[in-house]
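Both backbone and side-chain heavy atoms feed into the values below; hydrogens, waters and symmetry mates do not. Please read all numbers here as calculations on a predicted model, not as lab measurements.
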Amino acid sequence: MSALAFANPAILFGLIALPVIWWLLRLTPPRPKAEVFPPLKILASVLKREETPSKSPWWLTLLRMLLAAAVILAIADPVMNPRASSLNGGGPLVLVVDNGWATAADWERRVRTADLLIDDAESADVPVSITFTADTSHEAVPGTAAAARDKLAAASPRPLVPDRARAAEAVSEAMNGTRPGTLVILSDGIAAPDDDQAMSALAALSPTEMRLIEGDGHSAVAITDAVNNAGAMSVTATRLSTAAPRQLTVNALDTQGRALAAGTLDFAAGASTATAEITSPFELRNDFARLGVEGLATAGAAHLLDDGFKRRRVALIAGESGSDFQPLLQPLYYISRALQPYADIIQPNTADLSVSIPQILEGNPSAIIMADVGRLPAETYAPLQQWISRGGTLIRFAGPRLAAAPADDPLVPVILRQGERALGGAMSWSEPQSLADFPGFGPFAGMPRAADITVTRQVLAEPTPDLAERTWASLADGTPLITEKEVEAGRIVLFHTSAEATWSNLPLSGNFVEMLRRLVQLARAGGAASSGSGTDGAAAATLPPYRLLTADGILTTETGTARPIAVAAGQTPVASFDHPPGLYGTEDGFTAVNLLAPRTVIAPFDPAAAGRPIAREGLAGGEAVSLRPALFAAAFALLVLDSLVVLFMNGAFSRVPRGPRRGRGAATAAIAALAFGLFAFAPGQGQAQEMQPGAGSKPGDEQILERLDTTHLAYVVTGEGDVDRLSEQGLEGLSQFLTYRTTLEPGAPVGLDITKDELSFYPIIYWPISANAPMPSQAAISRIDAYMRNGGTVLFDTRDQYSALDGGGTTPNGERLQAILANIDIPPLEPTPEDHVLTRSFYLLTNFPGRYTGSPLWVEARQDARASGAQLSSSGDGVTPLLITGNDFAGAWAIDPQGAPVLPTVPPDEMQREYAYRAGVNIMMYMLTGNYKADQVHVPALLERLGQ
């Protein structure tokens, strides 16, 4: 074939008209030159001999002839195309054509290449077999060239990875021993998993010649993974051509196809993968519906996102705040760090659950996690239950508070037994239990069992017929570890062990992170729905095709022959012939199926497995060079040059007198006026106001500073004058005793209105219980609950020498105390043990008398220390959040202005009053120093004082 061909050779006959054009241009004179009309100029030209040109200059005529010739040749469209078209006529032409996702960018050129090969086969009068590797069915029997053209015209790119092995098998069966003359593999240039098998099967046909036709592969780029991290979205992509560095833009699109954010894929030279960071707010990232590489319209360059990709908003609530100096003992420490890479963490800014829970529900989180929360404020149960029924997920962890909570809690998935089960230790015959294998259902299915995880304490579930169905994880002895319950569109999940490492080492393992991640992924991405009618797409077993992706990366409602897909928990589905890329599910919930699996790297196609020489060629038109653009550009350049010559000859570039120079006075005046205006309106130095000391202070700041500067003992104002006066006198007496006997010098006692006063200034609040006083409001009780969660302690005193906490009868004051505590999340209680820190925080005491001596002092029970055989009931630096007595401490401490006791002790005994003061001193030291005296370094001094 000639190296030069014309697409429209008939246009070349226009070159015959060039002599005629030459003759016409030579006879047409140029336009007379125009001159300026001054009178003297006319008089001067009268004396000159008048000349009129008779023909155009030869060089101008030649310029115009070249212009006409360039236009004629450009219309004829000369093309440089050295394509070789020789086919071996010894057998059929076999075409194996890739029509996968990577061929969408240059599909027209591929069709043109195959069409030219079919034309060559028709000229050689040989049959043609054509097979497409991404089609679901194959008809590879050789036929006529016309039939092959029809199949080629009906073919189209598919959003799939080619299966060359299956196509090669179909070709082998169709040839049935016939030897092909020419076997052409029209490849997309990308390696497939079974290429060795495919090339071996094609080589076994023994074709006379084999050809491999590929494109340049420059546009083969695919997104393989997208991870929604804490601060940004990480997008990973792979490319085929790695020779040169390349930068591509990845756009994040919403459901309407609008670009919301973008990142840059920066491929280094020789690198086949790159990662882009798309930085945007959490709320905006949850609106991302798909990712697309700018400038590329293929199924590989599009990445669909579903609800499982979106970051969940998770709220964390703890039964107690814990100590900032011991973060590893905080109940939310391990939870927050496990979820931080996968979710947006929300922590309430107040410990008052009656305030924080409504605030959290207003934000409509996907999940709420409660760590050892027993009782909730009564008014929060209904909103929480409604939020769960609309699709919210509540995840709870056990602990001492939950173990002591009522058994009829509606926010637990199963019925719990009172108390907890201790495994191992000196007081238990059982050993710590390890995890059992995860069941085949539930979100943990398929997770490997960690043999090093042991549980030493748990809350037990009452046996019910459906307990096994609700158990997602259990211990080796069969007791449930994680249970769940579906509540309409939502669910409740309970870990029967604690969220920190006191009850088990589960929070220290990687399984803990994976469990929480899977549980959070089950929650709705956008929080609870407005109604409970929606379905959770992640929980569906089999999902029908909803929207499918075309080879050009466009979503369409045409589902074709796609089949429903079964999505297993914790697995990422990958596209196949039965399940093309797209969205599977319904409008209410769907799962994205993308083309390539995560961490896939595309590589060049290697035909070496054929074991025989293969001729490589490019696509038709790859070497073809059209001269039309160059000829049109040359014609345009000649036209511009001709125009400039004509303008010059007509005097268009003659000198024109310049006009008068514009003055600059107006501009100068405008600048001066602007400067004057700025100076006139600028505030002078004399107008500056200096901030006076205390100008920004608010009413009450002096009192706050005084409370912070000096330790004060506080009591609750009950509304009964006698009771409140006695409380003030009692705390005044204790304050004076502390001043005389210790280095602590408290200020005047403070009466608190718990409905509005700030409580955090005081280490301990004395609350005298009176059945005749008004019942505190729920808001006031919630403030007290929040005060105790944040580390404060309340000393409840029924003042009746009686306590009903041990299961006996009750008194009116005791009943009032029970009513108050019914709405407070309190831990398990026990009488102060003999070796408790309270017994030696300052004085060595064996009991805690007040005006009476018959009631014990109740403190928070420390089951861990007791079960492990430790000598101390308290652990760490924790302080019990509440103390309960009936011994009337304030009555024993109360003094009048002269320092004399106000009330006698019962029975009258001044040593009892002395011990009552000492009990008060020990309580205050315990409040201020925590378990400081629990350190073993004090044991020698204590033994010496005891005379041992």
Side-chain angles (χ1 to χ4, degrees), residues 100-102 104 157-161 221-229 233-238 248-263 265 275-276 278 280 284-312 521 524-526 536-538 540 542-560 562-568 570-600 602:
W101 64 273
R158 302 297 178 93
L160 296 168
V161 175
V221 177
I223 299 176
T224 58
D225 198 9
V227 180
N228 203 356
N229 296 317
M233 178 188 304
S234 178
V235 181
T236 304
T238 180
L248 294 170
T249 300
V250 179
N251 293 322
L253 311 175
D254 62 4
T255 55
Q256 304 298 324
R258 297 169 295 193
L260 301 180
L265 288 168
T275 301
I278 301 179
S280 61
L284 188 62
R285 275 182 281 144
N286 273 1
D287 290 335
F288 294 172
R290 59 179 294 179
L291 304 173
V293 180
E294 187 173 325
L296 299 180
T298 64
H303 192 82
L304 302 177
L305 308 175
D306 54 19
D307 288 345
F309 165 82
K310 297 179 181 179
R311 289 179 64 86
R312 272 61 170 169
Q521 288 299 110
R524 289 179 179 268
D536 190 357
T542 304
L543 304 177
Y546 171 57
R547 297 283 191 274
L548 294 184
L549 202 66
T550 65
D552 296 328
I554 301 173
L555 279 176
T556 178
T557 57
E558 297 293 332
T559 58
R563 298 180 180 180
I565 187 172
V567 181
Q571 295 183 359
T572 301
V574 181
S576 63
F577 282 90
D578 292 332
H579 311 115
L583 303 176
Y584 288 75
T586 63
E587 184 178 1
D588 296 327
F590 48 79
T591 294
V593 177
N594 287 294
L595 177 68
L596 300 178
R599 296 180 293 276
T600 299
I602 59 177

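The side-chain heavy atoms of T591 and I565, taken from C-beta on, include no pair separated by under 4.5 Å. With a 4.5 Å cut-off on side-chain heavy atoms, V235 and H303 do not count as touching. Considering only heavy atoms from C-beta on, N594 stays 4.5 Å or farther from D225 through its side chain. A 4.5 Å side-chain heavy-atom check between L253 and L291 finds every atom pair outside the cut-off.
Distance check: I602 CD1 to T238 OG1 gives 4.5 Å after rounding to the nearest 0.5 Å. Here the CZ atom belonging to R290 is positioned 11.5 Å from the OG1 atom belonging to T255, to the nearest 0.5 angstrom. Atom CG in D287 sits 7.5 Å away from atom CG in D254 (nearest 0.5 Å). If you take OG1 on T559 and CZ on R547, they are separated by 10.0 Å, rounding to the nearest 0.5 Å.
The main-chain N or O of A301 is found under 3.5 Å from a side-chain atom of T298 such that the two form a donor-acceptor pair. In this structure, N228 contributes its side chain and M233 its backbone to no donor-acceptor pair below 3.5 Å. Using a distance-only test at 3.5 Å, with no hydrogens or angles considered, no donor-acceptor pair links the side chain of T249 to the main chain of E294.
Nearest heavy-atom pair, I278 versus A252, reported as atom, atom and distance to 0.1 Å: CD1-CB, 4.3 Å. When all heavy atoms are compared, the tightest approach of F288 to S280 is CZ-OG, 3.5 Å. Summarising the geometry of W101 relative to A222, their closest heavy-atom pair is CH2-CB, 3.8 Å, with the distance given to 0.1 Å. Looking at every heavy atom in both residues, A299 comes nearest to L549 through O-CD2, 3.9 Å.
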For residues 575-583, which side-chain donor-acceptor pairs fall under 3.5 Å, sequence neighbours excluded?
{"from": "S576", "atom 1": "OG", "to": "H579", "atom 2": "N", "distance (Å)": "3.3"}
{"from": "S576", "atom 1": "OG", "to": "H579", "atom 2": "ND1", "distance (Å)": "3.4"}
{"from": "H579", "atom 1": "NE2", "to": "P564", "atom 2": "O", "distance (Å)": "3.1"}

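Tested against T275, the residues V227, L265, T236, V250 include a single side-chain contact (heavy atoms from CB on, under 4.5 Å) partner, T236.
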